[in-house]
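These notes concern the structure reproduced below.
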Amino acid sequence: MAVVFPFERPYQPFQSCALAINGCSQGPMGALSHREYGPWAGFRAAFISAGRIAGVEQDDTAGPYQTCHDRPCLSACPAHALSLNGYDVPRCLAYLEETPGNNCLAGCRARFSCPYGTAFRQSRDQASFHMRAFTGWNDDT
């Protein structure tokens, strides 16, 4: 058995594997959403095995995006960067740059609006860290 990580080459198909076996679905942000953990699920490592791993069962339950009828993520984004066609990253970044003082840098409002996995949400400090990493901005920006 081997362990692989998403940041190591050769890159492994983490999202494809999760979609195939783990009760996940992909929402308009491109991020995976798990039926229990919502968009807060993190795939940090994977075990590669030639055979089945004892105690690990395949979960064929549909992910939450297929069963979510309200889809609050679509209307929560003030940049209107999300649609059923996907996530418009340049539009999101332009909004962040052109709208000083917006609270998106404290965490993606679309992600925080998801009703799934609310008990597993990142803290605002964690969310802010990841949004600043996403934009490439630091505290001096």
Crowded around Phe47 CZ? As in, over 12 foreign heavy atoms under 6.0 Å? no
When you measure from the side chain of Thr67 to the backbone N and O of Pro64, does any donor-acceptor pair fall under 3.5 Å? yes
Interatomic spacing from SG in Cys17 to CD1 in Ile48 - rounded to 0.5 Å: 6.5 Å
Could you tell me whether Glu97 atom CD has more than 12 heavy atoms of other residues or ligands within 6.0 Å of it? no
Say whether, by atom type as modelled, one donor and one acceptor occur between the side chain of Thr135 and the main chain of Arg132 under 3.5 angstrom. yes
Any chance CZ of Phe129 has more than 12 other-residue heavy atoms, nucleotides or ligands included, within less than 6.0 Å? no
Linking I/L/V/M/F/W/Y whenever any side-chain heavy atoms sit under 4.5 Å apart, do Tyr11 and Val3 land together? no
In Å, rounded to the nearest 0.5 Å, how long is the span from CD of Gln66 to OG of Ser25? 4.5 Å
Pairwise side-chain contact, Cys73 with Pro28, heavy-atom cut-off 4.5 Å (strictly under): yes
Judged by atom type as modelled, is there a donor-acceptor pair below 3.5 Å linking the side chain of Arg111 to the main-chain atoms of Pro39? yes
Between the main-chain N or O of Leu105 and the side-chain N or O of Ser128, is there a donor-acceptor pair closer than 3.5 Å? yes
In terms of hydrophobic clusters joined by side-chain contacts under 4.5 Å, are Met131 and Met29 together? yes
Below 4.5 Å, heavy atoms only, C-beta onward: do His34 and Tyr116 meet side chain to side chain? no
Could you pull out the closest heavy-atom pair between Arg44 and Pro6, with the gap in Å? O-CD, 3.1 Å
Which atom pairs, one a donor and one an acceptor, fall under 3.5 Å between side chains of residues 77-95 and the rest of the protein, sequence neighbours left out?
| residue | atom | partner | partner atom | Å |
| --- | --- | --- | --- | --- |
| Ser83 | OG | Asn85 | N | 3.0 |
| Asp88 | OD1 | Arg91 | N | 3.1 |
| Arg91 | NE | Ala79 | O | 2.9 |

Shortest non-hydrogen contact from Trp40 to Arg121? NE1-CG, 3.4 Å
Non-hydrogen atoms of Cys24 and Leu19 that approach each other most closely: O-CD2, 3.7 Å
Can you get from Tyr37 to Phe112 by hopping between Ile, Leu, Val, Met, Phe, Trp and Tyr side chains that sit under 4.5 Å apart? yes
Given 3.5 Å as the limit, does a donor-acceptor pair link the side chain of Gln12 with the main chain of Pro10, or not? yes
Are side-chain heavy atoms of Tyr65 and Gln26 found at a separation under 4.5 Å? no
Under 3.5 Å, is there a donor-acceptor pair between the side chain of Thr99 and the main chain of Asn102? no
Give the C-alpha distance, both sets of side-chain angles, the deciding distance and a yes or no for ring-ring contact (aromatic ring centres under 6.0 Å, His included) between Phe14 and Phe43. CA-CA 7 Å; Phe14 275 69; Phe43 302 95; 7.6 Å; no
